[in-house]
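What follows is one structure encoded as structure tokens, with my remarks underneath.
Just so you know, residue 1 is the first one in the sequence shown, and it goes up from there. Basis for what follows: all heavy atoms, side chains included, without hydrogens, waters or symmetry-related copies.
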Amino acid sequence: MPKRVSTKYVLIACQMSFDGKSNHEIAKELGFTETTVSNWRKLEIWQEFEAELIDAYKQQVLSLEIATPP
């Protein structure tokens with residue numbers, strides 16, 4: 001039976017991935033296997049958080065474009 005992992009670790013891993021870290025780097029830093037991190041990517045919570053990170057990034061980019069006139 002798989003262990004239940006705290007949502008906190010999944011969200012941290014998602015943030016790390018968004019910041020450019022590989023599954024290997026994430027797994028090593030958090031103390032899990034690459035397979036575990038790969039499986040986390042399939043979870044709904046990962047996909048929802050990743051979408052939020054993308055939206056926040058888009059808003060940041062748009063606000064920079066508006067603040068910097070051509």
Side-chain angles (χ1 to χ4, degrees):
M1 178 180 287
K3 294 183 217 175
R4 178 153 167 80
V5 177
S6 169
T7 302
K8 175 179 120 178
Y9 285 110
V10 176
L11 297 179
I12 290 169
C14 185
Q15 178 70 57
M16 292 171 73
S17 173
F18 191 76
D19 291 338
K21 300 243 182 185
S22 68
N23 283 359
H24 175 77
E25 292 169 314
I26 295 167
K28 186 175 179 180
E29 191 167 325
L30 296 180
F32 294 95
T33 66
E34 285 183 63
T35 301
T36 297
V37 175
S38 179
N39 288 335
W40 288 350
R41 289 177 176 274
K42 300 171 190 168
L43 297 174
E44 186 176 341
I45 187 74
W46 179 292
Q47 294 169 12
E48 289 172 359
F49 188 60
E50 187 173 54
E52 290 176 19
L53 291 171
I54 291 168
D55 286 342
Y57 179 76
K58 285 179 183 177
Q59 289 302 317
Q60 182 181 12
V61 168
L62 288 174
S63 68
L64 289 174
E65 287 177 357
I66 292 169
T68 311

Interatomic distance, Ser63 atom OG to Lys58 atom NZ [nearest 0.5 angstrom]: 14.5 Å
NE2 on His24 to CD on Glu29, rounded to 0.5 Å: 11.5 Å
Closest heavy-atom contact between Leu30 and Ala13? CD1-CB, 3.9 Å
How many angstroms lie between atom CG of Asn23 and atom CG of Asn39, to the nearest 0.5 angstrom? 10.0 Å
So, applying side-chain contact (heavy atoms from CB on, under 4.5 Å) with Leu11, which one of Trp46, Phe49, Trp40 is it? Phe49
Could you grab the distance from atom CD1 of Ile54 to atom CD of Glu50, nearest 0.5 Å is fine? 5.0 Å
Looking just at side-chain N and O atoms, do Asp55 and Gln59 make a donor-acceptor pair shorter than 3.5 Å? no
State whether the number of non-hydrogen atoms from other residues, nucleotides or ligands found under 6.0 Å of Phe32 atom CZ is greater than 12. yes
Atom pair CD (Gln47) and SG (Cys14), whose distance is rounded to the nearest 0.5 Å: 9.5 Å
Interatomic distance, Ile12 atom CD1 to Thr7 atom OG1 [nearest 0.5 angstrom]: 11.0 Å
